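One structure is given below, encoded as structure tokens.
Labels below follow one simple rule: chain letters A, B, ... track the order of the sequence lines, proteins then strands, and each chain is numbered from 1. Scope of the values below: all heavy atoms of this structure, side chains included, with no hydrogens, waters or symmetry mates. Please read all numbers here as calculations on a predicted model, not as lab measurements.
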Amino acid sequence: MADNSMVTLMAADHIEIQATLQAVKQCATLGTMLEVLDEQQTLGLPIPVLEVSGEALKKVIEWCEYHREDMVVETEQPGVAAQILTSLPQWDTEFFANIGDKDLLIKICNASNFLEIPLLLQYSIFVIAQALRGKSTEEMRAFLNIENDLTPEEEQKIREDNAWAMPQN
Amino acid sequence: MKLIAFAKSLWERPSEKPNADVPFLQLPAKVIHLIAKSLTPADIALLSQTCRSMRESLNKYPNAAALSRADYFAYLAGMARGLPNQWLCDYCMALHPIDKRDKPTTKWRPCSCPNYSVLASHRRCRLQNPNIPFEHHHIQLALKYTRLGQRKYDSYLRALLEPYQEWHFYTMGRRAIDHEAHYFAFPRIVTGGDGNPRYLLFSTCRYLGGGRDMLIQNLGCQDICPHLHFRDDGDYYQYNNNLFRAFQYALEPKYHGHEWEAACPRCATDFSVTRRGRNLYLKVWQDFGPEGSPIDLAWRSQTFRPGLDGIENGPTEGPTLYHEPGSIKKLYGPVPEIPTTQKAVIDTTT
């Protein structure tokens, strides 16, 4: 298959998304799958990506299409996603700024982990961490859509456990 | 078939367990730890308190009780962000309740810090010479109420940002000001380049020439930040800094009307000195940073008091915060009108 040939991906919610083979190869999981599949038997059939929603997959493929000519980062390369970034390239900054929906950002992060796209995983982790930095617990809950399920007794225990011991003047 | 459909509907029924469908809590443990690696220890301690699931996921990280003093301050600053009626005290390293009578423009004000009276004389001053007597908690609260935008804090926010005026400006030390001098300060919250609100201050000192020649030795002492001052204590640095030189140039007759602009190389301070007619005008723009802790560099670099390292902040030692000269003046925007007669000062430019 030529790198510019089109591939159809099918998300968990049965949404089909077209992508170039070159873009799909940015996802190590899909790249490996394409290598082991019999091309004649699978030609024209959508590739199932059942762990990822159509909404998230669409954004992941948009990112992969832009980065399709980038060198594919080896997932075995130690700690690519673990490297701490200080900023993102301009296009990627705009890509994440345009996402708007916080849940979608987290779904993209999850998808990039599942599809093994180390650079997208690293970038989405950076964006999430940036949004959490310096925030209060309440602001973190609001950003992550987390409901406080701790009982008042558990909260009191947390406060006590987290208190710094110091002499009172 | 009906049985299968019923079983499926049970399976697909939304969970009653809170947070069951929260995308962040569905991230694999590996990804949660990668995110934690990009956070500070204080952020991790606060994140671990969001819900039971995060508490379990992050239990291998130290809780706040095990943090260093600097990280614990950051942790308390994060706590204070979420508690509108609390502020973070640098002396007690603890949160105190607010007292709405505690505002920068009131000289003898109450304060909820139990150690306040012990420290009163020392703590009131950010600088050694008279200045708007605000403290870091006024900045914290003004920024917090601006971010929250809740009407119930509006009147206290207005009080925190009230302009300050001193119609009998004097200086400490042996050298008094031989001219009538007036001091005004106008705090303002401005959105910075990163989208976060910042606390800026524009202050100005007006020296009236009257019928006499204006000489630098008749202008008493002047501190605009811990690094730029001129005093009468024989300190070498008083004669070798941008502030002293700007005053010298501005007082030379050939430069009358010219505005001498400069900046502090050690903290976020821009200033200018101008001689116009018989009067001399000192204008100062300062950036006290975004909402944070009293040990943040933005505040530490602007107060002469020692930091956690015990080092006092002065011309020769202490922290340094670089800024682009003129950038604070630009960020502050139009300056308020300075009154010529004693009356209530209102900043109409905001």
Side-chain angles (χ1 to χ4, degrees), chain A residues 51 53 56 79-86 101-114 121-122 124-151 154-155 157-169, chain B residues 17-28 30-40 42-55 63-67 69 71-83 91-94 114-115 118 144 147 196 290-293:
Chain A
E51 295 286 325
S53 69
V80 172
Q83 286 169 9
I84 311 275
L85 293 173
T86 51
D101 180 3
K102 294 167 280 184
D103 280 352
L104 181 56
L105 167 66
I106 293 158
K107 285 176 186 168
I108 291 169
C109 179
N110 206 356
S112 60
N113 177 59
F114 172 72
L121 177 61
Q122 188 189 23
S124 51
I125 283 171
F126 172 79
V127 175
I128 294 169
Q130 281 279 96
L132 294 175
R133 242 174 254 163
K135 296 279 193 296
S136 68
T137 301
E138 289 74 13
E139 287 173 298
M140 288 179 181
R141 281 191 196 117
F143 178 78
L144 301 170
N145 285 329
I146 291 176
E147 198 183 309
N148 182 9
D149 58 358
L150 298 162
T151 62
E154 283 172 316
E155 287 191 305
K157 173 86 170 57
I158 290 172
R159 270 195 294 276
E160 286 166 12
D161 288 348
N162 283 276
W164 219 66
M166 67 174 289
Q168 292 298 309
N169 292 288
Chain B
K17 219 175 146 188
N19 299 326
D21 301 323
V22 173
F24 189 75
L25 301 179
Q26 287 162 6
L27 291 174
K30 180 192 107 178
V31 178
I32 297 277
H33 291 302
L34 288 173
I35 292 170
K37 272 186 88 168
S38 301
L39 297 173
T40 64
D43 294 326
I44 296 171
L46 292 162
L47 182 61
S48 72
Q49 297 176 27
T50 50
C51 64
R52 279 193 199 132
S53 171
M54 286 315 296
R55 213 179 158 197
N63 68 14
L67 298 181
R69 188 180 279 259
D71 285 333
Y72 193 67
F73 263 112
Y75 167 77
L76 289 178
M79 295 258 293
R81 272 182 78 91
L83 301 167
Y91 184 79
C92 304
M93 203 166 79
N115 293 301
V118 181
K144 178 155 56 183
R147 172 173 55 81
N196 290 319
E291 197 176 345
S293 118

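- Contact between A/Asn162 and B/Ala64 at its shortest, heavy atoms only, is OD1-N, 2.7 Å.
- Side-chain atoms of A/Thr137 come within 3.5 Å of backbone atoms of B/Leu46 as a donor-acceptor pair (strictly under, hydrogens ignored).
- Contact annotation for A/Glu147: both backbone and side-chain heavy atoms come within less than 4.5 Å of a heavy atom of chain B.
- Heavy atoms of A/Ser112 lying under 4.5 Å from chain B are absent altogether.
- Within the 4.5 angstrom heavy-atom criterion, only side-chain atoms of A/Ile128, from C-beta onward, approach chain B.
- Between chain B and the options A/Asn145, A/Leu105, A/Ile106, heavy-atom pairs under 4.5 Å are most frequent for A/Ile106.
- Heavy-atom pairs under 4.5 Å with chain A were tallied for B/His33, B/Arg55, B/Arg52, B/Met79; the largest tally goes to B/Arg52.
- In this structure, the ring pair (Phe, Tyr, Trp, His ring centres under 6.0 Å) partners of B/Tyr75, at least two apart in sequence or on a different chain, are B/Tyr72.
- One N or O on the side chain of B/Asp43 and one on the backbone of A/Gly134 form a donor-acceptor pair closer than 3.5 Å.
- Using a 4.5 Å cut-off between heavy atoms, B/Leu83 makes no contact with chain A at all.
- With sequence neighbours left out, A/Asn113 forms a side-chain contact (heavy atoms from CB on, under 4.5 Å) with A/Leu121, B/Pro28, B/Lys30, B/Val31.
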